[in-house]
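Read the structure below first, then the notes.
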Amino acid sequence: MVQVQEQPALSRKLGVGRRAAWSLAAVAVLCQIPYPLVSGSLRDVLTVVGVVVFCLASMAAAALRHGVRGPLVLLAVAGLGGLAVEVVGVRTGFPFGTYEYTGTLGLGVAGVPVVVPLAWIMMAWPALEAGRLLAPGRGHAGPRSTRVRTAVAGGWALASWDVFLDPQMVDAGHWSWTDPHPALPGVEGVPLTNFLGWVAVSVVMIAAMDALCGHAVRRPAEDGRPAGPAVVLYLWTYASSVMACLVFFSRPQVALVGGVLMGLAAVPLAVRVAGAAGRRR
């Protein structure tokens with residue numbers, strides 16, 4: 001009798017969580033759409049608001065997957081971990097290179113705007129979900145091998161996003177590099193050390209989150225679809241970043257380089273999601 005009563009309650013709880021995650025994801029997208037159409041202080045405000053809403057959407061998606069453990073792990077590893085690595089980076093230049101924030105992003109902690117660790121949170125979870133779907137042999141290989149593959153795939157998914165993010169934020173005047181040379185081809189203004197640092201930090205971050213969340217992974221949707229809100233947000237970020245660089249920011253080379261590098265994760269992810277959707281019809 002207890003189990004019979006608990007099952008509808010659990011279903012209702014999951015339904016509420018699913019609606020909350022999808023609603024926040026939709027609002028995050030709506031916040032990003034007008035970004036290239038505004039300028040000045042309004043764009044700065046929209047930057048912060050968009051990151052906060054996206055961050056909440058990722059936390060809701062993490063809760064949908066792992067219950068309370070998901071957002072707690074996300075906050076601890078991506079939030080506090082992201083803040084720690086940024087504080088070290090600003091003070092020492094390791095592991096990204098020598099840079100500084102200009103104070104345009106609002107309240108800061110130890111020289112790092114609060115919105116920055118929130119940005120780590122907002123994309124770390126979509127990248128982890130992407131890594132889980134892209135990891136070759138996940139579910140068939142041993143636990144250690146599976147986690148290594150997930151860390152590499154998810155770490156690349158996260159680090160390659162910064163190929164779009166950093167030039168955009170530098171152009172907006174939110175931070176600056178002491179010496180942006182050498183840079184990735186076509187990504188002037190951002191040193192190659194930044195990308196290499198992002199790859200290293202992202203792989204470690206994704207590996208830690210995947211391990212700490214444990215084996216009890218709930219499917220993104222109970223009907224088996226892989227395209228949960230975090231995956232959709234990752235694909236949206238990829239497509240909108242390419243379009244923004246081409247159409248609004250006059251950065252066609254960043255669109256090309258970022259499109260290729262982030263596309264190594266986003267394109268097969270989109271194919272995987274589309275294939276799964278086709279099989280369900």
Side-chain angles (χ1 to χ4, degrees), residues 32 35-36 39 43-44 46-48 50-51 54 78 81-106 108 111-124 126-127 154-206 234 237-266:
Q32 291 184 348
Y35 177 86
S39 60
R43 177 177 283 188
D44 294 344
L46 199 58
T47 298
V48 175
V51 169
F54 199 134
L83 175 60
V85 77
E86 291 283 351
V87 170
V88 172
V90 166
R91 294 187 176 186
T92 70
F94 177 83
F96 307 114
T98 305
Y99 65 105
E100 63 178 357
Y101 291 99
T102 60
T104 57
L105 291 174
V112 177
V114 173
V115 72
V116 170
L118 295 183
W120 280 97
I121 291 173
M122 85 175 202
M123 277 302 287
W156 182 266
L158 179 55
S160 57
W161 164 63
D162 188 64
V163 177
F164 289 112
L165 175 68
D166 226 275
Q168 180 182 321
M169 295 296 102
V170 168
D171 289 349
H174 295 315
W175 60 77
S176 61
W177 294 93
T178 301
D179 183 6
H181 306 96
L184 281 171
V187 191
E188 292 81 8
V190 182
L192 179 60
T193 53
N194 179 62
F195 180 66
L196 298 177
W198 263 79
V199 171
V201 171
S202 297
V203 169
V204 172
M205 187 176 286
I206 296 299
Y234 188 84
T237 299
Y238 173 70
S240 63
S241 297
V242 172
M243 179 176 293
C245 286
L246 281 174
V247 177
F248 298 105
F249 299 147
S250 301
R251 283 278 207 159
Q253 292 177 310
V254 173
L256 174 61
V257 176
V260 170
L261 295 180
M262 192 174 178
L264 293 175

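Just so we're clear, the structure is a prediction, and the values are computed from it rather than from any experiment.
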Please step through side-chain contact (heavy atoms from CB on, under 4.5 Å) for the pair Leu118 and Phe54, ending with a clear verdict. CA-CA 9 Å; Leu118 295 183; Phe54 199 134; over 6 Å; no

Applying side-chain hydrogen bond (donor to acceptor under 3.5 Å, both in side chains), which residue pairs with at least one partner in residues 179-192 are found, sequence neighbours left out? Asp179-His181

Rounded to the nearest 0.5 Å, how far does [atom2] of [Y] lie from [atom1] of [X]?
X: Leu46; Y: Ser39; atom1: CG; atom2: OG; answer: 11.5 Å
X: Thr237; Y: Met122; atom1: OG1; atom2: CE; answer: 6.0 Å
X: Thr47; Y: Met169; atom1: OG1; atom2: CE; answer: 5.0 Å
X: Tyr234; Y: Met123; atom1: OH; atom2: CE; answer: 5.5 Å
X: Leu184; Y: Gln253; atom1: CG; atom2: CD; answer: 12.0 Å
X: Tyr99; Y: Glu86; atom1: OH; atom2: CD; answer: 3.5 Å

Indicate yes or no: at least one non-hydrogen side-chain atom of [X] is less than 4.5 angstrom from one of [Y].
X: Val201; Y: Phe96; result: yes
X: Val116; Y: Leu83; result: no
X: Val187; Y: Val163; result: yes
X: Ser176; Y: Val170; result: no
X: Cys245; Y: Phe164; result: yes
X: Phe195; Y: Asp162; result: no
X: Val190; Y: Pro180; result: no
X: Met205; Y: Val85; result: no

With under 30° as parallel and over 60° as perpendicular, where do the rings of Phe249 and Tyr35 fit, or are they tilted in between? perpendicular

Parallel, tilted or perpendicular for Trp161 and Trp198, by the 30°/60° rule? perpendicular

Going through the checks in order, is the side-chain hydrogen bond (donor to acceptor under 3.5 Å, both in side chains) test met by Asp166 and Trp177? CA-CA 10 Å; Asp166 226 275; Trp177 294 93; 3.0 Å; yes

Could you report the tightest heavy-atom contact between [X] and [Y], atom names first, then the distance?
X: Gly111; Y: Val90; answer: O-CG2, 4.4 Å
X: Ala124; Y: Ile206; answer: O-CD1, 3.6 Å
X: Tyr238; Y: Gly258; answer: CE1-O, 4.2 Å
X: Ala255; Y: Val242; answer: CB-O, 3.8 Å

Under the 3.5 angstrom rule, does the side chain of Trp156 hit a backbone N or O of Leu261 as a donor-acceptor pair? yes

Backbone N/O of His174 and side chain of Thr102: donor-acceptor pair under 3.5 Å: yes

May I have the step-by-step check of side-chain contact (heavy atoms from CB on, under 4.5 Å) for Asp44 and Leu105, ending in yes or no? CA-CA 7 Å; Asp44 294 344; Leu105 291 174; 5.7 Å; no

